[in-house]
Protein chains: 2
Amino acid sequence: MDVENIKEIRKFNRSYTRILKLTDKYHLNTHFALLESRLFLEIDRGVNTANQLMELLQIDKGYLSRVLKRLKNDGLIDDIRGDGDRRVKTLQLTVKGEAALEEDNRRADQQIENLFARIPETELKKVIDDMKEIKDIVKKYSKE
Amino acid sequence: MDVENIKEIRKFNRSYTRILKLTDKYHLNTHFALLESRLFLEIDRGVNTANQLMELLQIDKGYLSRVLKRLKNDGLIDDIRGDGDRRVKTLQLTVKGEAALEEDNRRADQQIENLFARIPETELKKVIDDMKEIKDIVKKYSKE
DNA sequence: TAAAAAAAGTTGCTAAAGTCAACTATTATT
DNA sequence: AATAATAGTTGACTTTAGCAACTTTTTTTA
């Protein structure tokens, strides 16, 4: 690939991550740490066993076990052993956990709102169309 | 702002960060942790006192002091007290540090190469033009 | 201009985050 | 039936990070 293209892509990555504060330690919320937020999201989506989460997020299972225990103690998730394989615990958000996830989402929306609100409609449309195009093309050619 | 726009932007953020592994713990290299990589980059760019780094990266100065000490012990950076304010130490990369930064950059380039290489030229051009447009518009309307 | 306040960086102490290996219980393999 | 593998837990440990007290030098102020 052309060196100029690589440079341009990296430039975009830097500016975009900086503006969005994607690498920000404190993420977008005050409630939860990055990992917790991610766990809520994934459990809600149906990635709901420790083992699946471990593989998806590439984290140590010992550590994950403790984090999940803490979330359970805080009443944010439940773990139930079903009728099937009695080694696995199926995780699910409690009502409190659902509420927390929604609050998280509201904050994330708010953050986007703050960052993009100043952009006039015509230009915002361009940005969004560009995003769709990038997303589609990149996805189309990405592995598996 | 329109709810649909927010959704679309967040969708892009998720897919883009996932594909690029921007939030990946191990970043793009094996040599250094995220913070170290960032420090090299910034020192090289001229953000070369602990105090400046602390403000830019929003990290604790005690912790930073130790990290810098370690980098110095590893022969990657030097700190020199100049003729001016004798409280400040000016940081600079050693030859070894420069080499490490370059290696880091090569790896980052390689990663981009891997991720985008499958995209045919015509579509890659679209992606890059879109990136430029997004970058320019977002920058134009971002605070300060 | 001497005393007080502030700034740059270091160090001790602590907590949180993360890793690794050994362990229990259950299920799958031979 | 015995052995190996899998899901999750626990103990011991390292790394990462944060806070406050401290030293040295510079700036402010009375």
Side-chain angles (χ1 to χ4, degrees), chain A residues 21-43 46-74 76-93 97, chain B residues 21 23-43 46-74 76-93:
Chain A
K21 299 181 174 61
L22 286 174
T23 51
D24 213 349
K25 289 180 292 189
Y26 302 110
H27 210 206
L28 359 98
N29 47 69
T30 33
H31 281 175
F32 305 109
L34 266 86
L35 178 60
E36 270 97 10
S37 289
R38 188 69 193 276
L39 291 175
F40 280 110
L41 203 97
E42 298 301 344
I43 291 169
V47 184
N48 54 12
T49 71
N51 207 42
Q52 289 170 351
L53 290 167
M54 185 198 108
E55 294 205 340
L56 179 67
L57 307 178
Q58 293 291 301
I59 47 176
D60 179 74
K61 61 181 181 170
Y63 179 50
L64 177 58
S65 175
R66 277 176 251 256
V67 173
L68 291 173
K69 191 204 274 178
R70 194 176 68 230
L71 294 177
K72 190 184 172 186
N73 286 339
D74 292 347
L76 295 160
I77 61 171
D78 278 332
D79 52 354
I80 359 168
R81 261 185 230 284
D83 305 336
D85 189 332
R86 293 193 37 72
R87 287 169 303 183
V88 338
K89 286 174 157 185
T90 303
L91 306 165
Q92 59 183 33
L93 300 187
Chain B
K21 300 181 173 60
T23 51
D24 214 349
K25 289 181 291 186
Y26 302 109
H27 210 208
L28 359 99
N29 48 69
T30 32
H31 280 174
F32 305 110
L34 266 84
L35 178 59
E36 270 97 8
S37 288
R38 189 69 194 274
L39 291 174
F40 280 109
L41 203 97
E42 297 302 343
I43 291 169
V47 183
N48 55 12
T49 71
N51 206 43
Q52 288 170 351
L53 290 167
M54 184 199 108
E55 293 205 340
L56 180 67
L57 307 178
Q58 293 291 302
I59 46 176
D60 179 72
K61 61 180 181 169
Y63 180 51
L64 177 58
S65 175
R66 277 176 251 255
V67 173
L68 292 173
K69 192 205 274 180
R70 192 176 69 230
L71 294 178
K72 190 184 172 186
N73 286 339
D74 292 347
L76 295 160
I77 62 171
D78 278 332
D79 52 354
I80 357 167
R81 260 183 232 284
D83 306 336
D85 189 332
R86 292 192 38 72
R87 286 170 305 183
V88 338
K89 285 176 159 184
T90 302
L91 305 166
Q92 59 182 33
L93 300 187

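Sequence lines set the chain letters: A, B, ... in the order given, protein chains first and strands last, and positions in each chain run from 1. Heavy atoms only: backbone and side chains are in, while hydrogens, waters and symmetry mates are out.
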### Query
Rounded to the Å, how far apart are A:L34 CG and C:dA16 P?
17 Å
### Message
Under 3.5 Å, is there any donor-acceptor pair linking the side chain of B:R66 to the base of C:dG12?
### Response
yes
#### Entry: With A:K69 via side-chain contact (heavy atoms from CB on, under 4.5 Å) - residues at least two apart
A:N73
### Message
Please determine whether any donor N or O and acceptor N or O are separated by less than 3.5 Å between the side chain of A:K89 and the base of D:dG8.
### Response
no
### A:K61: salt bridge (charged side-chain N to carboxylate O under 4.0 Å, His left out) partners, not counting sequence neighbours
none
### Message
Between C1' on C:dG9 and NZ on B:K72, what's the gap in Å once rounded to a whole number?
### Response
12 Å
### Set of residues satisfying side-chain contact (heavy atoms from CB on, under 4.5 Å) with respect to B:L41, sequence neighbours excluded
B:R45, B:L101
### Message
Counting only side-chain heavy atoms from C-beta out, which of C:dT10, C:dT19, D:dA17 sits nearest to B:L35?
### Response
D:dA17
#### Entry: Between C:dG9 (P) and B:L68 (CG): distance, integer Å
9 Å
### Task
Please identify each residue that fulfils side-chain contact (heavy atoms from CB on, under 4.5 Å) with B:R81, with sequence neighbours left out.
B:R86, B:K89
### B:Y63 OH to D:dA21 C1', straight-line distance once rounded to whole Å
21 Å
### Partners meeting side-chain hydrogen bond (donor to acceptor under 3.5 Å, both in side chains) with B:R87 (sequence neighbours left out)
B:D85
Polar-atom pairs under 3.5 Å, protein N or O versus N or O of nucleotides 23-25 of chain D: list them with distances, or write none.
unit_1	atom_1	unit_2	atom_2	d
D:dT25	O2	B:R87	NH1	3.4

